[in-house]
Amino acid sequence: MFKKVLMIGATTLLFLGWPLMGNAFAQTSATTPPPADTGDTAFMLISAALVLLMTPGLAFFYGGFVRSRNILNTLMMSFVLMAIVGVTWVLWGYSLAFSPGLPFIGGLQWLGLNGVGLETTGYLQGSAPVDVVSYAPTIPHQAFMIYQAMFAIITPALISGAIAERMSFRAYTLFVLLWSTFVYTPLAHMVWAKGGFLGLAGGLGALDFAGGTVVHISSGVSALVAAIVLGPRKTHPDRLSPPHNVPFILLGAGLLWFGWFGFNAGSALSVASGTSGNLITNPATTAFVATNTAAAAGALMWLILEAWLRGKPTAVGAATGAVAGLVGITPAAGFVTPLAAILIGFITAVVCFYAVSFKHKLNVDDALDTYPVHGVGGTVGAILTAIFATAEVNSAGKNGVLKGNFAELGVELAAILIAYIIAAVGTWVILKIIDATVGLRVKEEAEYQGLDINEHGEEGYNSEFSDRVVQ
């Protein structure tokens with residue numbers, strides 16, 4: 001009898017409660033974040049890997065320029081960033097750069113990736129502007145985080161080109177640790193983060209698709225300041241040697257060109273198409289095409305200038321021109337047409353070509369032309385972005401000067417000026433602190449002998465000191 005009553009009661013509750021349960025399931029479904037898009041997620045993880053590849057590419061590009069006795073040290077100055085920033089970005093860098101906070105810096109709520117999981121949206125709720133609740137609503141939050149980590153890794157590595165062959169490795173590691181924290185993260189927050197002072201999500205509205213100000217201007221200006229504070233190499237300018245391995249330079253430039261597709265196209269954060277008026281838009285494709293086009297235009301223009309002014313086009317010139325074109329298109333990649341990308345590549349290469357020549361007249365030992373290529377190239381690219389940008393290409397962007405929006409040029413110039421000030425002042429302060437504590441330079445004897453054996457206890461080619469007497 002008891003079993004029958006229990007069965008009838010359970011059946012009655014089931015029928016009476018079904019509408020309520022259905023409503024509960026509906027509420028759960030409505031509040032559950034949408035799952036990540038598999039295509040976008042795969043695209044972003046591949047793009048992140050491509051950007052990481054740029055760091056060893058940069059190592060080979062820089063390494064080919066220096067003397068053979070400094071090849072390992074130069075390679076390590078890029079490679080070590082994958083270790084240092086790979087850890088600090090998780091511990092505090094991502095939180096300072098991208099968590100909601102002040103207009104000039106992020107908060108501390110995401111330290112150690114606390115609260116940074118696999119959710120796709122909603123993690124930016126509760127801060128202005130209220131309509132921005134996700135950086136990339138079709139991919140996991142951690143996928144966005146690791147993609148941005150690759151930018152944080154390569155940016156300080158660019159600075160190493162200006163201080164090659166004379167800065168102690170201990171001082172360098174301390175420098176990049178402090179620089180990535182106190183210079184890179186504020187700039188990244190101001191330009192790309194929600195509520196950042198300069199960006200499109202609640203800021204002044206500066207256009208920087210993939211890092212003209214955040215990456216290239218910041219590293220280029222910092223490189224110039226570092227070269228001045230550190231002083232010239234003992235062999236500068238009378239006993240400088242030519243690049244010891246031009247194939248390394250071409251290999252590095254090729255890897256940079258290849259990785260730059262992830263750098264620029266990946267900054268679209270999706271492969272989905274959209275619309276702008278009656279036009280179909282696809283920022284990832286736009287950026288990919290613009291990247292290749294500007295790189296080709298930059299390399300071509302540099303070769304033309306060399307052949308015209310110096311009589312012979314060089315392999316080093318082709319590599320440098322390609323990098324200059326890539327730097328110039330970085331802030332504009334997702335906002336301009338292919339024809340504009342050609343012009344940006346041409347113009348950036350011309351300006352960088354003459355900037356390299358002018359640097360030699362100033363007698364500043366920016367060893368591998370970091371400021372003339374990245375600082376000047378990033379500045380030119382940011383200005384040209386304000387000129388050539390069109391909302392027809394990317395409805396998330398804005399029109400530039402050629403479309404009647406003259407105010408955008410003022411916004412870009414303000415962003416450039418702020419980036420210059422933060423990078424220059426921050427770098428100068430950090431270097432002075434390090435110089436007063438552990439020192440910046442290696443000893444004069446070590447500089448002449450080479451940094452590989454003195455800083456790392458090994459040789460790149462096992463030939464520099466082959467005549468040593470073995471006890």
Under the side-chain contact (heavy atoms from CB on, under 4.5 Å) rule, what do N454 and V442 come out as? Steps first, then yes or no, please. CA-CA 9 Å; N454 284 282; V442 298; over 6 Å; no

Would a line drawn from the ring center of W110 to the ring center of F98 be shorter than 6.0 Å? no

Would you call F335 and V393 a side-chain contact if the rule is heavy atoms closer than 4.5 Å? no

What closest approach, in Å, do G63 and H244 show between heavy atoms, and which atom pair accounts for it? O-CE1, 3.1 Å

S160 side chain to P156 main-chain N or O, any donor-acceptor pair under 3.5 Å? no

Looking at every non-hydrogen atom in both residues, tell me the closest pair between T55 and S78 and how far apart they are. CG2-O, 3.4 Å

So, does T427 use its side chain to make a donor-acceptor pair with the main chain of V225 at under 3.5 Å? no

Within-4.5 Å side-chain heavy-atom neighbours: M82 and P56: yes

SB check E447 R233 (cutoff 4.0 Å): no

Just how far is it from atom OG of S222 to atom CD1 of I430, taken to the nearest 0.5 Å? 8.0 Å

Do side-chain atoms of D366 reach the backbone of A223 as a donor and acceptor pair under 3.5 angstrom? no

Would you tell me whether S267 and Y147 have side-chain atoms, one donor and one acceptor, within less than 3.5 Å of each other? yes

Out of curiosity, I453 CD1 to E455 CD, how far, rounded to the nearest 0.5 Å? 11.0 Å

I need the minimum non-hydrogen distance between A201 and P129, along with the two atoms involved. O-CD, 3.6 Å

With side chains defined as the heavy atoms from C-beta onward, is the minimum distance between N245 and F60 less than 4.5 Å? no

When every non-hydrogen atom of A299 is compared with those of A318, the smallest separation belongs to CB-O, 3.6 Å

Return yes when atom CZ of F169 has more than 12 non-hydrogen atoms of other residues, nucleotides or ligands closer than 6.0 Å, and no otherwise. yes

So, taking the atom named CD1 in I146 and the one named CG in L45, what distance separates them when rounded to the nearest 0.5 Å? 9.5 Å

Please answer whether the main-chain N or O of Y448 pairs with a side-chain N or O of R69 as donor and acceptor at a distance below 3.5 Å. yes

Side chain proximity check, L177 to T88, heavy atoms < 4.5 angstrom: yes

S218 side chain vs V215 backbone, donor-acceptor pair below 3.5 Å: yes

Passing option when L198 is tested against I418, L207, V411, D208 for side chain to side chain contact (heavy atoms under 4.5 Å, CB included): I418

Work out which heavy atom in P331 is nearest to a heavy atom in A382; give both atom names and the distance. CG-N, 3.7 Å

When you check the side-chain N and O atoms of Y184 and H189, is any donor under 3.5 Å from an acceptor? no

Taking the six-membered ring for Trp, are F288 and F261 parallel (under 30°), tilted (30 to 60°) or perpendicular (over 60°)? parallel

side-chain contact (heavy atoms from CB on, under 4.5 Å), that's the test. Do L118 and H141 meet it? Break it down for me. CA-CA 5 Å; L118 302 179; H141 190 183; over 6 Å; no

Are V336 and I329 close enough that some pair of their side-chain heavy atoms sits under 4.5 Å apart? yes

Given ring-ring contact (aromatic ring centres under 6.0 Å, His included), test F151 with F263 step by step and report yes or no. CA-CA 8 Å; F151 284 73; F263 199 87; 4.3 Å; yes

Check for a donor-acceptor pair, side chain of D365 on one end and backbone N or O of H236 on the other, with a separation under 3.5 Å. no

Where the side chain of S134 meets the backbone of T120, is there a donor-acceptor pair that is under 3.5 Å apart? yes

Return yes if a side-chain donor-acceptor contact under 3.5 Å exists between Q109 and N114, otherwise no. no

Short side-chain to backbone donor-acceptor contact, R166 and A164, under 3.5 Å: yes

If we ignore hydrogens and angles and just use 3.5 Å, is the side chain of D369 paired with the main-chain N or O of V373 as donor and acceptor? no

side-chain contact (heavy atoms from CB on, under 4.5 Å) between E412 and L417, intermediate numbers included: CA-CA 9 Å; E412 292 298 328; L417 178 62; over 6 Å; no

Side chains of V323 and W302: closer than 4.5 Å at any heavy-atom pair? no

Roughly how far apart are I163 CD1 and S168 OG, rounded to 0.5 Å? 9.5 Å

How close do T348 and G377 get, counting heavy atoms only, and between which atoms? CG2-CA, 3.8 Å

Run the side-chain contact (heavy atoms from CB on, under 4.5 Å) test on I383 and L413 for me, step by step, so that the C-alpha distance in whole Å, both residues' side-chain angles and the decisive distance to 0.1 Å come before the verdict. CA-CA 7 Å; I383 293 172; L413 290 175; 4.2 Å; yes

Is the shortest heavy-atom distance from the side chain of M54 to the side chain of F258 under 4.5 Å? no

Could you point out which residue of E165, E458, H456 forms a side-chain hydrogen bond (donor to acceptor under 3.5 Å, both in side chains) with N73? H456

Answer yes or no: is there a side-chain heavy-atom contact under 4.5 Å between T213 and L187? no

Regarding N292 and W257, is there a side-chain donor-to-acceptor distance under 3.5 Å anywhere? yes

Flag for D37-T138: side-chain donor and acceptor within less than 3.5 Å: no

Mind telling me whether W260 and H216 have parallel, tilted or perpendicular rings, with 30° and 60° as the class edges? parallel

Residues T155 and W179: side-chain donor-acceptor under 3.5 angstrom: no

Rounded to the nearest 0.5 Å, the CG atom of L451 sits from the CD atom of Q449 at a distance of 10.0 Å

Output the distance between atom CZ (F43) and atom OG (S270), rounded to the nearest 0.5 Å. 8.0 Å

For T379 and Y420, test the side chains for any donor-to-acceptor distance below 3.5 angstrom and give the result as yes or no. yes

Can a donor-acceptor pair be found, under 3.5 Å and without considering hydrogens, that links the side chain of K194 to the backbone of V132? yes

